[in-house]
2 protein chains.
Amino acid sequence: MRDIFSQSTPIVFPKFEEKLRGALPDLPRLEAQVAQYMILNVGDLSFETGVSISEKVGVSEVTVSRLLRRLGYRGMRGLKRELRDELFDREPIQEGNEGAREVPEGMTRNMDLEYQALGEIYQQRASPLWGQIVQTIVEADRVYVTGFQAVRGMAEDCARRLGMTRGNVRFLAAHDGMLTEWLKWGDEESEKPSRCLILIDVVPYAREASILSGICSKEGHSLIVFTDEMCHWARNYTDLVIYASTRTGLILESTVAITAALNLMVNSVAGHYSTSLTERLDQWKTYTRALRLF
Amino acid sequence: MRDIFSQSTPIVFPKFEEKLRGALPDLPRLEAQVAQYMILNVGDLSFETGVSISEKVGVSEVTVSRLLRRLGYRGMRGLKRELRDELFDREPIQEGNEGAREVPEGMTRNMDLEYQALGEIYQQRASPLWGQIVQTIVEADRVYVTGFQAVRGMAEDCARRLGMTRGNVRFLAAHDGMLTEWLKWGDEESEKPSRCLILIDVVPYAREASILSGICSKEGHSLIVFTDEMCHWARNYTDLVIYASTRTGLILESTVAITAALNLMVNSVAGHYSTSLTERLDQWKTYTRALRLF
DNA sequence: GCAATTATGAAATATAAATTACATTGCGGG
DNA sequence: CCCGCAATGTAATTTATATTTCATAATTGC
């Protein structure tokens with residue numbers, strides 16, 4: 001059995017610890033003891049409960065409760081919420097220190113997370129799964145790309161760029177005739193071309209996403225999903241899922257990692273068509289030049 | 001060893017994860033979803049409660065409870081206890097071969113360039129220019145966002161996200177009635193509201209970009225440009241230019257850095273409205289939920 | 001050393017979490 | 001098409017957790 005005042009785990013909550021240490025001298029005796037215990041066991045704290053702490057320290061639960069309120073937390077629940085927030089280093093939104101310009105110092109963590117998210121993408125890029133995904137796209141007769149809400153535009157761009165590397169790529173617009181586009185692209189019903197849907201979705205997930213996924217698996221089409229680390233449903237429909245972290249400490253989620261993943265994907269696919277690619281790009285440039293509608 | 005799919009926190013529970021993954025294929029649909037969520041969020045798990053998980057995944061609490069029992073845990077409490085144990089007697093450190101990022105040869109250079117491009121964005125983020133840009137956006141009565149070709153979708157998303165942080169943001173669509181939208185937004189012609197255009201463009205630059213820029217400076221509207229390192233014309237019209245490198249060795253140019261810049265911009269603006277932001281976001285979520293058009 | 005203040009715990013209460021029992025749905029096999 | 005089982009949810013119940021109230025003990029200031 002571990003000692004009551006056991007060692008601390010590698011997990012740290014700097015803000016929380018500092019706050020506690022700062023308050024320590026002014027705290028009543030027993031509450032200080034409790035605080036001390038918390039400092040020594042920050043890493044475990046999320047597993048504890050009011051009583052469990054009070055038992056280990058040898059005080060009554062009320063004391064723990066009171067300490068927390070004195071520190072400005074709203075009870076054990078509140079503490080855990082704040083700790084969790086700190087774990088992801090997101091400022092509580094309502095707290096807003098508007099006057100204070102966000103200093104670059106506060107941004108370094110965000111940058112690290114962004115770097116890390118990018119790194120994870122490149123790792124996935126190196127996995128066999130990636131090869132499967134590229135293969136699937138290359139082999140499909142027709143490719144559809146779709147995305148919703150805050151990543152809809154990204155999906156459009158992705159379709160555009162993918163369309164530069166190979167033919168038969170279409171963006172699927174939600175709502176307006178989505179299924180029409182999906183169902184009758186060509187005129188020949190006879191040959192039944194193989195189809196592949198690339199789906200991009202992040203929290204809060206769109207209902208359309210899982211509906212479309214359902215259709216896909218039912219119809220036997222390939223499905224590739226680019227989503228964030230919170231997504232729990234994608235795996236129900238396909239193994240071809242790329243997870244891009246969106247939690248980087250910004251108020252709104254970050255789309256950088258997903259963008260990177262999509263870029264890499266387009267690039268990989270492009271690699272398969274490298275011979276015909278240059279002429280295709282030239283062709284595209286000619287088109288856009290010709291289209292000077294202004 | 002950190003798994004590709006795990007989230008960004010360093011907390012890992014190998015045994016637990018393995019167990020879950022192993023069980024995954026044989027699990028009932030919804031329970032599998034819950035399991036999936038748990039795998040993707042191991043680091044958070046100690047903060048969760050039965051209900052909180054069930055809510056996030058969208059199942060009832062009983063399902064979570066049942067999953068746990070099926071896995072051999074004695075409910076949420078039991079799970080946490082075992083997780084805590086695992087956290088505690090996990091081998092000191094797996095320093096060993098962990099450092100080695102598994103990124104294929106040809107990709108490391110690309111990744112470095114991407115990192116570098118990101119770094120440059122964060123540098124600009126720290127410059128006084130950034131403050132000016134944010135200021136300009138915050139002060140403008142009306143904000144327009146536009147982008148062309150391969151970054152058009154990005155501009156749309158940017159407009160959407162910016163629109164979540166403040167009102168009066170519009171995406172300007174090229175070609176179809178662009179100027180109409182631009183010229184008469186409101187009804188009151190009298191007061192002449194201040195306007196700000198955010199323009200996103202990369203090679204090959206669209207003709208529309210400089211034309212619009214011209215209009216802007218002539219009409220006295222603010223102009224902010226996000227572009228790539230090759231852009232020669234933006235400075236002719238405004239000082240408020242953010243340069244994001246797009247040359248990262250991919251066959252098609254990378255849009256990652258621009259995405260990062262736009263994300264940061266939206267975030268900075270959001271910081272100025274932090275008080276009203278939460279309710280605005282809630283409102284937005286309610287809207288999208290209500291709009292279940294399918 | 002005596003009031004006034006503060007700290008603390010016991011018991012009661014309120015709130016939340018987890019489990020159980022039962023009802024409903026949906027799906028595959030005959 | 002119906003049966004029956006497995007999956008899932010609802011509502012009731014039990015259990016745990018947190019908070020309030022109040023009485024008592026400790027401490028402080030004078």
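In the text below, chain A, chain B and the rest are named by the order of the sequence lines, each starting its count at 1. Reckoned from all heavy atoms, side chains included, excluding hydrogens, waters and symmetry mates. None of these values were measured; they are calculated from a predicted model.
The structure places CG of A/L129 at 6.0 Å from CG of A/L240, a figure rounded to the nearest 0.5 Å. Rounding to the nearest 0.5 angstrom, the gap separating the CG atom in A/L197 from the OG1 atom in A/T136 is 12.5 Å. Atom CG of B/D85 sits about 8.5 Å away from atom NZ of B/K15, to the nearest 0.5 Å. Taking CD of A/Q135 as the reference point, atom SG of A/C196 lies at 11.5 Å (rounded to 0.5 Å).
No side-chain donor-acceptor contact under 3.5 Å links A/E139 and A/S194. Residues B/N263 and A/T255 have side chains that bring a donor and an acceptor to within less than 3.5 angstrom of each other. Checked by atom type, the side-chain pair A/Y115/A/E120 shows no donor-acceptor distance below 3.5 Å.
Using a 4.0 Å heavy-atom cutoff across all strands shown, B/T49 reaches sugar-phosphate atoms only and no base atom. Within the 4.0 angstrom heavy-atom criterion, no nucleotide atom of any strand lies near A/V64. A/E31 comes within 4.0 angstrom of sugar-phosphate atoms only, judged by non-hydrogen atoms across all strands, and of no base.
Of the two residues contacting DNA chain D, namely A/R29 and A/M76, the nearest-nucleotide position lying further toward the 5' end is that of A/M76. Nucleotides of DNA chain D nearest to B/D26 and A/E48 differ in position, and the one nearer the 5' end is that of B/D26.
Distance, A/K80 NZ to C/dA17 C1': 11 Å, rounded to whole Å. Here the C1' atom of nucleotide C/dA17 and the CD atom of B/E55 are 12 Å apart, to the nearest Å. Atoms CG (A/L27) and P (C/dA7) sit 9 Å apart, rounded to a whole Å. Computed from coordinates, the B/L30 CG to C/dC27 C1' distance equals 14 Å when rounded to whole Å.
Residues meeting the side-chain contact (heavy atoms from CB on, under 4.5 Å) test with B/R81, sequence neighbours left out: B/R74. Legend: residues meeting side-chain contact (heavy atoms from CB on, under 4.5 Å) with B/E82, ordered by chain and number and at least two apart, are B/Y73.
Here the closest non-hydrogen pair linking B/P28 and B/R70 is CG-NH2, 3.4 Å.
One N or O on the side chain of B/K19 and one on the backbone of B/L71 form a donor-acceptor pair closer than 3.5 Å. Proximity of a side-chain donor or acceptor of A/T146 to a complementary backbone N or O of A/L172 within less than 3.5 Å is detected.
Salt bridge annotation for B/D44-A/R84: present, with a cationic side-chain nitrogen under 4.0 angstrom from a carboxylate oxygen.
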Using nucleotides 14-16 of chain C, report all nitrogen or oxygen pairs with the protein that are shorter than 3.5 Å.
unit_1	atom_1	unit_2	atom_2	d
C/dA16	O3'	A/R77	NH1	3.3

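In the helix from C/dG1-D/dC30 to C/dG30-D/dC1, the rotation axis of the first five pairs and that of the last five pairs differ in direction by 30°, rounded to 10 degrees.
The shortest side-chain heavy-atom distance between A/F171 and A/R152 falls under the 4.5 Å cut-off.
Within a heavy-atom distance below 4.0 Å of DNA chain C, the residues of residues 65-72 of chain B found are B/S65, B/R69.
Running 5' to 3' along DNA chain D, contacts with non-hydrogen atoms of chain A at under 4.0 Å begin and end at D/dT17 to D/dT20.
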